Amino acid sequence: MSDYTLGEPIADTRAPDGPIEDRWDSRRFGAKLVNPANRRRHRVIVVGTGLAGASAGATLAEQGYHVVQFCFQDSPRRAHSVAAQGGINAAKNYRNDGDSVYRLFYDTVKGGDFRSRESNVYRLAQVSTQIIDQAVAQGVPFAREYGGLLDTRSFGGVQVQRTFYARGQTGQQLLLGAYQALARQIDAGGVEMHPRTEMLDLIVSDGKARGIVARDLVTGEVSTHLADAVVLATGGYGNVFYLSTNAKGSNATAIWRAHKRGAYFANPCFTQIHPTCIPRSGEHQSKLTLMSESLRNDGRIWVPKQPQDPRPPQEIPESERDYYLERIYPSFGNLVPRDIASRAAKNVCDAGFGVGPGGLGVYLDFADAIERMGRPAVEAKYGNLFDMYERITAENPYEVPMRIYPAIHYTMGGLWVDYDLQSTVPGLFVIGEANFSDHGANRLGASALMQGLADGYFVLPATLNDYIGRGGFPALDPADPAVAQAETAVRDRLERLLSVRGTRSVDSFHRELGHLMWDHCGMSRSAEGLRKALDRIPELRAEFWRDVRVPGTGAELNQELEKAGRVADFLELAELLLLDALVREESCGGHFREEHQTEDGEAQRDDDRFSYVSAWEYGERPVLHQELLNFEHVHPTQRSYT
């Protein structure tokens, strides 16, 4: 995959024309409706039960559709959305501090370094206010201020307080709200739930997505499931880097197999580095732990002014500390966007000012906040996060500053979708982090939960209605060649993985891939490093299929077989990610090419050449389709947070 061809441009034809504030209303009014009595005749497959998937499944079933839903966890409640800590954005303006739908729209487009669609982002800002009302009605225990109103706090990249939160457990509480709505429909028979079941292929018949092939992870049984539409809500691909803040089970198999069936993959190189992660502790660590960005509200980030300072942080006086974010970006200080905070941390560590083992860390200090607010107030806001940090590091952050370092977190890239959230395969809808649609080259903090719930509760139910309402779903025979071919492909792939019987573990291949990706396509990228990785990946993939060892059989619980299939997909996706990063010869957001930076070391975009979405079509030589981005309301400028 070292080469590619340039294909025809691609365009989103679903977004209406006219004033941006009217487009979503216009699209909903123009959408076909389905009689409630007729909805019962239609089956919709939803893969994934995180915030996007659970909210979509519950809402579609409430509308009357028969939903067939899948998750590889033992319960929908175990989806990775539970790990989201800090909050969810919404333009409610409860603080009366100048926030608005337009400002949330503006901040999101700017924060994404002008590489996202205006229409999608404006809709997200509009719908954000409805999400909070929905969650409160479900009983989500958002924090409240003294007067009883919902409390808010700030996140990076903004100068207003629009982030609603439930201590450091916002994702978990929102998922429980969506899960209880889903559970209601499971009990009522509207949702047919398949836990511990993994999607392994997409069934495309007559050019439309009509079902999936799945494997029961307990018994090993491979089965096909047919429907009139398929919804993927399977999250991102951050684990291609091996070490990330994602759960170990998080993977890209569903979207990658759909990509190989015709769904274009958009902006794969747009991966997010989170600046507030507990530094790695050893070579054989299996994942990284995130500390919420909300901590940057009251914590101050610094390093010693003396390189390789051996003193404990409490013994370093104020005059010998460099609060480098406050110094470089005085307007935003510690609340600059994630990409900027991450690169700044890397820069000070590379210059020899880092702290902790290997000098790969900076301090996140709460001494000033404790003195100003008192320890009880800090405990009330962040107590569970402080407890988690102490359990992992054996250091008390009330007494000793936390140590943090950037890590792979979120992926802005994903399957290409139009304004309706439909992929290039008709009938295949993609929601949440699995699509590319809203965040451009960098996601602002607290926007992931907002997008997942916006897609699942409000956007998808309207646009999928339109697709179903336009008809064209003849009964699909389980013996149809497309069904048989997809199932045979899955069985053959499983058998091939089991038959190698090599000498290397799956994890050893994954770890080597992760090192390659982090070293050459992590916080900074260069043409030389990307080409080096592109040369090595095909060799590593060949070694995998020649020497991987997967013990056991396919007719049982076999977690090594699960991992092997996922790592095989990562080995293919990684090559496309690297190619996309090589082709995009500019720096923007989390994609930082060393050859393209300002004199101050900031990202240097090339709007004339690269103001487009990269939409990749699968093939031996991938085909790049470009979707040009037009900015009518937020004109691209050099981002400044000083």
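All values derive from a computational prediction rather than experimental measurement.
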Pairs meeting criterion side chain to side chain donor-acceptor pair (under 3.5 Å) with involvement of residues 375-384, two or more places apart: Asp298-Lys381, Asp298-Tyr382, Arg375-Glu379

Would you say the ring centroid of Phe164 lies under 6.0 angstrom from that of Tyr94? yes

Taking all heavy atoms of Phe366 and all of Leu295, pick out the closest pair and write down the distance. CZ-O, 3.3 Å

Gly601 and Gln597 have their tightest heavy-atom pair at CA-OE1, 3.5 Å

Arg153 to Tyr165, cation-pi by 6.0 Å centre distance and 45° axis angle: yes

Gln169 side chain to Val82 main-chain N or O, any donor-acceptor pair under 3.5 Å? no

Side-chain heavy atoms of Ile278 within contact of Leu288, under 4.5 Å: no

Less than 6.0 Å separating the ring centroids of Tyr324 and Phe353? no

Which residues satisfy the salt bridge (Lys or Arg N to Asp or Glu O under 4.0 Å) test with Lys563, sequence neighbours excluded? Asp507, Glu560

Given the side-chain rings of Tyr122 and His633, with only the six-membered ring counted for Trp, is the space between their centroids under 6.0 Å? no

Keeping Ser154 on the side-chain end and Val160 on the backbone end, is there a donor-acceptor pair under 3.5 Å? yes

Partner of Ile132 by side chain to side chain contact (heavy atoms under 4.5 Å, CB included), out of Leu453, Leu150, Val140: Leu150

How close do Ile255 and Gly235 get, heavy atom to heavy atom, and via which atoms? CD1-O, 4.5 Å

Quick one: does Asn251's side chain have a donor or acceptor within less than 3.5 Å of a partner on Gly249's backbone? yes

Of the options Arg115, Arg639, Arg443, which is the one that meets Asp339 in a salt bridge (charged side-chain N to carboxylate O under 4.0 Å, His left out)? Arg639

Are Cys277 and His409 side-chain neighbours, meaning at least one heavy-atom pair lies under 4.5 Å? no

Other residues, nucleotides and ligands only: do more than 12 of their heavy atoms fall within 6.0 Å of CZ on Arg327? yes

Donor-acceptor pair, distance only, cut-off 3.5 Å: does the side chain of Asn239 make one with the backbone of Leu243? no

With a 3.5 Å cut-off and no angle check, do the side chains of Glu602 and Thr598 form a donor-acceptor pair? no

Evaluate the ring planes of Trp302 and Tyr323, with Trp represented by its six-membered ring, and classify them as parallel (under 30°), tilted (30 to 60°) or perpendicular (over 60°). tilted

Cation over ring face, Arg566 and Phe72, 6.0 Å, 45°: yes

Using atom types as modelled and distance alone, determine if a side-chain donor or acceptor of Asp455 lies under 3.5 Å from a backbone N or O of Gly432. yes

Aromatic centroids of Phe105 and Tyr102 separated by under 6.0 Å: yes

Residues in side-chain contact (heavy atoms from CB on, under 4.5 Å) with Ser116, at least two apart? Val109, Val121

Between Gly86 and Ser292 the two heavy atoms that sit nearest each other are CA-OG, 3.1 Å

Could you check Ile316, Val303, Val355 and say which one makes a side chain to side chain contact (heavy atoms under 4.5 Å, CB included) with Asp309? Ile316

Distance under 6.0 Å and angle within 45° of ring axis: Lys287 vs Tyr242: no

Indicate every side-chain donor-acceptor pair of residues 396-405 with a distance under 3.5 Å to a residue at least two apart or in another chain.
from	atom 1	to	atom 2	distance (Å)
Asn396	OD1	Tyr398	N	2.9

Does any N or O in the side chain of Asp187 come within less than 3.5 Å of the main-chain N or O of Ala183, such that one atom is a donor and the other an acceptor? no

Tyr179 side chain reached by Gln138 side chain, heavy atoms, under 4.5 Å: no

Give me each pair satisfying side chain to side chain donor-acceptor pair (under 3.5 Å) with a member in residues 349-359, each pair once, sequence neighbours excluded. Lys346-Asp350

So, using salt bridge (Lys or Arg N to Asp or Glu O under 4.0 Å) as the criterion, who are the partners of Arg280 when residues are at least two apart? Glu283

Is it true that, when you exclude Gln308 itself, more than 12 heavy atoms of the residues, nucleotides or ligands shown sit nearer than 6.0 Å to its CD? no

Contact between Arg103 and Arg162 at the side-chain level, heavy atoms closer than 4.5 Å - yes or no? yes

So which of Arg95, Lys92, Arg144 actually passes salt bridge (charged side-chain N to carboxylate O under 4.0 Å, His left out) with Asp151? Arg95

